[in-house]
Amino acid sequence: MYNNILETAAFLKERLHARPEAAIILGSGLGSLVGEMTVSAEIPYTAIPHFPLSTVEGHSGKLIVGRLGGKDILALQGRFHYYEGYSMSEVTFPVRVFRELGIRRLFVSNAAGGTHPDFAIGDLMIITDHINLFPEHPLRGRNIGYGPRFPDMSEAYSKDLIARALAIAAARGIPVRQGVYLGTQGPTYETPAEYRMFRRLGADAVGMSTVPEVIVANHCGMQVFGISVITDLGVEGKIVEVSHAEVQKAADEAQPRMTLLLRELIATL
Ligand code: HPA
């Protein structure tokens, strides 16, 4: 796998004009940030050696090279989910390629179900920490030398980036929540009993992504910033049927706020 990472990084290096300062992984229906970028290249995953292919609706599967907030960045429009059948090394492959490109900051977004009783649909939640409930650990197996065998996870989400984001949100009047994201494999949304269990375990939001990439980014020594759009509620008394279409609709509505926050945050790098 290490050779594949190097080959993919070499392929991309030839197509970059500058060393990107950050990479962004855009979650389900959260690709519109690309509209704010000055795009210099769009590379479909199909054209990138060793890249897995994205299959889920709302993910168009492109690597975008360009500028946002005055910084050179890469954006993944469409991520690889474990529930699609990818191995954990495929799900996290782009993160290691980013590291190989010299990128030390990763921004991740996702759609998530809120389990905090005060949350409302459309809320933005800055991820302060996570709980990994995926059935397989992304670092299982021989340790790849980007980091130690037993990586520290005491600050999986950068306190510095969180503080900057909170300051921007306050200055720009963007309401934000903060909370713990629990990652689970999906593809089912939760039963009411599962939402209740996750709440008791300490989750403020639950989703089917992010945690594997964030673990690998930490292993690679990257600073991480994560943000969830609350697209549905797993809160007792507020649980209704959830559909992918409704999740997309809520994500759409929240995108401009999320994009503004991420753009301003990246501008501070
Ligand atoms: N559960 C899991 N994943 C999700 C949810 C949810 O309620 N909403 C969006 N992604």
Side-chain angles (χ1 to χ4, degrees), residues 24-33 54-61 76-86 88 91-92 107-136 138 157 176-215 226-259 261-262:
I24 309 187
I25 302 177
L26 297 164
S28 293
L30 295 170
S32 78
L33 173 138
S54 180
T55 62
V56 82
E57 201 183 313
H59 292 244
S60 50
L76 279 190
Q77 197 174 23
R79 63 149 57 85
F80 308 110
H81 297 88
Y82 189 70
Y83 63 73
E84 292 176 87
Y86 299 115
M88 275 297 180
V91 169
T92 59
F107 296 78
V108 288
S109 66
N110 59 54
T115 51
H116 190 294
D118 296 342
F119 284 7
I121 291 174
D123 280 355
L124 295 181
M125 184 189 89
I126 293 174
I127 304 175
T128 54
D129 203 350
H130 76 216
I131 297 173
N132 176 19
L133 284 189
F134 280 86
E136 187 193 331
Y157 298 82
V176 287
R177 311 281 194 170
Q178 298 178 64
V180 173
Y181 177 91
L182 183 147
T184 178
Q185 68 175 314
T188 45
Y189 296 113
E190 284 63 37
T191 65
E194 287 165 345
Y195 281 127
R196 197 182 314 128
M197 171 179 77
F198 289 158
R199 178 70 193 145
R200 287 189 184 161
L201 288 178
D204 297 301
V206 50
M208 307 173 197
S209 68
T210 302
V211 167
E213 296 104 307
V214 170
I215 289 173
I227 188 160
S228 295
V229 176
I230 304 301
T231 55
D232 54 278
L233 293 174
V235 174
E236 252 170 328
K238 296 186 187 167
I239 297 175
V240 292
E241 203 181 305
V242 191
S243 71
H244 187 57
E246 282 163 319
V247 166
Q248 294 273 8
K249 187 165 163 272
D252 255 354
E253 187 271 327
Q255 287 199 72
R257 280 176 281 135
M258 190 197 78
T259 297
L261 187 60
L262 286 176

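The residues of the chain are indexed from 1 along the displayed sequence. As the structure lists them, so they are numbered: ligands from 1, and atoms in each ligand from 1.
Under the side-chain hydrogen bond (donor to acceptor under 3.5 Å, both in side chains) criterion, T188 pairs with no residue at all, not counting sequence neighbours. Applying the side-chain hydrogen bond (donor to acceptor under 3.5 Å, both in side chains) test to T231 and every residue at least two apart in sequence or in another chain returns nothing. By the side-chain hydrogen bond (donor to acceptor under 3.5 Å, both in side chains) test, Q178 is found to be paired with no residue, residues two or more places apart in sequence or in another chain being considered.
R199 places no side-chain N or O within donor-acceptor distance of the main-chain N or O of P117, the cut-off being under 3.5 Å. Of the possible polar contacts, none joining the S228 side chain to the A112 backbone as a donor-acceptor pair under 3.5 Å is found.
Taking the side chain as every heavy atom from C-beta outward, E253 and I121 never approach each other to under 4.5 Å.
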Measure from every N or O atom of ligand 1 to the protein's N or O atoms and keep only the pairs below 3.5 Å, writing each with atom names and distance to 0.1 Å.
| unit_1 | atom_1 | unit_2 | atom_2 | d |
| --- | --- | --- | --- | --- |
| ligand 1 | 1 (N) | E190 | OE1 | 2.6 |
| ligand 1 | 7 (O) | Y195 | OH | 2.6 |
| ligand 1 | 7 (O) | D232 | OD2 | 2.5 |
| ligand 1 | 8 (N) | G113 | N | 3.3 |
| ligand 1 | 8 (N) | D232 | OD1 | 2.6 |
| ligand 1 | 10 (N) | A111 | O | 3.3 |

